[in-house]
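A short write-up of the structure that comes next.
In what follows, chains carry the letters A, B, and so on, assigned in the order in which the sequence lines appear, proteins first and then strands, with residues in each chain numbered from 1. Computed from a predicted structure; not experimentally measured. Just the heavy atoms: all of them, side chains too, but no hydrogens, waters or symmetry mates, feed the values below.
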There are 2 protein chains.
Amino acid sequence: MSPTPPRRALNRQVLADHVHEELMASLIDGRLEAGANLSIDGIARDLEVSPTPVREALARLEHTGMVRRVALKGYKVAPLFTAVELAQLVDARLVIEPVNAELACASITPALVAELKQTIEDLRSSPTGASYAEFRDYWKADEDFHRIIAEHAGNPFILNAYKTLGGQVQRFRFFAGLGVTDADTAIQEHTAILDAFSAGDPAGARDAMIAHLNGVKQRSIRDSVEHP
Amino acid sequence: MSPTPPRRALNRQVLADHVHEELMASLIDGRLEAGANLSIDGIARDLEVSPTPVREALARLEHTGMVRRVALKGYKVAPLFTAVELAQLVDARLVIEPVNAELACASITPALVAELKQTIEDLRSSPTGASYAEFRDYWKADEDFHRIIAEHAGNPFILNAYKTLGGQVQRFRFFAGLGVTDADTAIQEHTAILDAFSAGDPAGARDAMIAHLNGVKQRSIRDSVEHP
DNA sequence: TAATCGTATTTCCTATAGGATTCACGATTG
DNA sequence: CAATCGTGAATCCTATAGGAAATACGATTA
C-alpha cells in the first residue's frame with residue numbers, strides 16, 4: 001500500500017512565496033521596467049493564481065523600495081535612481097559594509113576565507129557581456145562576496161539592513177545597463193579585501209572595503225554620466 | 001443639489017492600513033506578548049474585518065522583525081530579545097546613528113535645532129512612570145529626537161535602515177518593562193548632542209551620539225541583568 | 001472641430017466559501 | 001492505567017464574487 005510516499009509535502013508551498021520570488025527576479029533583471037504599473041489582477045492572470053497571494057507578495061516587496069504603493073491606486077515599479085540617489089546608495093553601503101568587513105575579519109575562519117576566495121574565482125570565470133543572461137553569474141559572484149561578509153559580521157540587525165540595501169544594489173546595477181565595465185578593477189579590490197582577511201587584519205579589511213566602495217561609487221557615477 | 005460635498009473621500013481608507021497600525025501599536029506597547037500566536041482569522045474577528053487585509057498587514061509587518069512567519073503555520077510575535085541581541089541592537093544603532101548625527105549636523109538649520117530642543121523639552125516634561133500609558137510620551141520624545149536626526153541626514157537609504165531598527169528599539173524598550181530608569185542621564189546626553197549641533201560641530205555631534213548610545217547600551221544591559 | 005456625456009472595462013479592495021492540514025480532546029481499547 | 005484512535009474545531013491558504021471608484025473610449029452635440 002501507500003503507492004506514493006508522502007511526496008505531497010514537497011509540492012505543498014505557499015503561492016505568495018512563489019509570486020514573491022517571481023516578482024523579485026523580474027524586478028532585478030529588468031523585465032519589469034521602472035514606473036510600470038503592477039496591476040494586482042494582471043499579475044494574478046499572468047501567473048495563473050488568484051489576486052490574494054499577489055497582494056501578499058507585493059506587500060512584502062514594498063519595504064525593499066523596489067515597489068511603491070499608493071493606497072487605492074495600486075503598486076508601481078519604483079522609478080530609476082537619479083545620479084544623486086545612486087551615490088547615496090553607495091554612501092549607505094559605506095556606512096554599513098566597512099563595519100561588516102571589520103567584524104567578519106575579527107572572527108575569521110579558514111572556511112570563510114575559502115568561501116570568499118571562491119566568489120573571486122567565480123568573478124574571474126564569469127562572462128561579462130552586456131545582456132542580463134550573460135553577466136548574471138558575474139553579479140551573483142559579486143553579490144555573494146558582499147553578502148557572505150555581511151552574514152559573518154555576527155549582527156543580525158546589521159545584516160538585515162544590508163540585505164535591504166542589497167536588493168536595491170542589484171536593481172540599480174541592472175539599470176545602469178552597461179553590463180560589467182570594471183571587472184578587472186573589481187576583482188583587484190575584492191582580492192585586496194580578501195588579503196586583509198587572510199592576514200587577520202580587521203582594520204585593513206575595513207579600509208580595503210572603503211576603498212572598494214569608493215571605487216564602485218566613482219565608477220558608477222562615471223558610467224551614469226557617460227550613459228544618461 | 002449635491003447635498004453633501006465629497007465627504008466620502010475622507011471615509012475611504014484601506015483596511016489593511018488600519019490593521020497594520022493596530023497591530024503595530026499592540027506590538028510596541030506590549031498588548032501582544034512575545035511568542036503569542038497571531039491567528040489571521042482571530043485578528044480578523046477581533047477587528048471585525050475579513051482575513052484578507054489582515055494577511056496584507058502581517059506581510060508588511062514581517063520585515064520589521066517584530067513578527068515571525070512560518071509558511072503554512074502562521075505568524076507569531078517574535079520572542080523577547082536576549083541580552084546579547086539587545087547589545088547587538090545598540091551596536092547596530094552605533095553603526096548608523098553617529099553617521100546620521102554627523103551628516104545632519106553638517107547641514108544644520110535653526111529649524112532643526114528648534115525641533116531637537118523641543119524634543120528635549122518634551123523629555124523633561126513627560127512623566128516617567130512604570131506603565132506604558134505613563135511613559136509613552138517620554139518614549140515618543142526620545143524616539144522623535146533620534147528620528148528627526150535620521151531624517152535630516154539626507155540619505156533615504158540610511159533613513160530606511162534606521163526606521164527598521166527604530167521599531168525594534170521601541171519594542172525592546174517596552175519589554176525591558178521598567179519604565180524610564182535613566183531620564184536624567186538621557187536628557188543630559190541628548191543635550192550634549194544638541195549642543196554640538198548648535199555649535200555646528202559635526203564631529204562633536206558624532207562623538208556625543210556615540211557616547212549616548214554607549215550609555216544606552218550599558219544601562220540596558222545593567223537593567224536586563226538586574227531584572228531578568 | 002471641440003467638448004461633453006455615457007457606457008464598458010479595468011482595477012483596487014473586501015468579504016465569503018471551501019479545501020487541506022493541524023490540533024485538541026475525549027472515547028475506546030489493550 | 002496508558003496508549004491509540006477518531007471526531008470536531010481551528011487554522012492557513014486560495015479562489016471567487018461583488019462593490020466602488022477610476023479609466024478608456026466612443027458617440028453625441030454645440
If you measure from the Lys or Arg side-chain nitrogens to the Asp or Glu carboxylate oxygens, is any gap between [X] and [Y] under 4.0 Å?
X	Y	value
B:K140	B:D137	no
B:D91	B:K217	yes
B:D17	A:R69	yes

Any [X] side-chain N or O less than 4.0 Å from OP1/OP2 of [N]:
X	N	answer
A:S39	C:dC12	yes
A:R55	C:dC12	no
B:S50	C:dT14	no
A:K73	D:dT23	yes

- Classify the angle between the aromatic ring planes of B:H212 and B:H146 as parallel (below 30°), tilted (30 to 60°) or perpendicular (above 60°). parallel
Rounding to a whole Å, what distance do you find between [X]:[atom1] and [N]:[atom2]?
X	N	atom1	atom2	value
A:L15	D:dC12	CG	P	17 Å
B:Q13	C:dC13	CD	C1'	12 Å
A:Y75	C:dT10	OH	P	22 Å
A:I40	D:dT16	CD1	C1'	16 Å
A:H18	D:dT14	NE2	P	12 Å
A:L72	C:dT14	CG	C1'	12 Å
B:N37	D:dC12	CG	C1'	12 Å
B:D41	C:dT21	CG	P	17 Å

Hey, does [X] reach any base, or is it just sugar-phosphate, or nothing, if we go heavy atoms under 4.0 Å?
X	result
B:L58	nothing
A:T52	base
B:I43	nothing
A:R45	sugar-phosphate

- So which one's nearest nucleotide on DNA chain D is more toward 5', B:L38 or A:P51? B:L38
- Task: Determine, using ring centers only, whether A:F81 and B:F157 are less than 6.0 Å apart.
- Result: yes
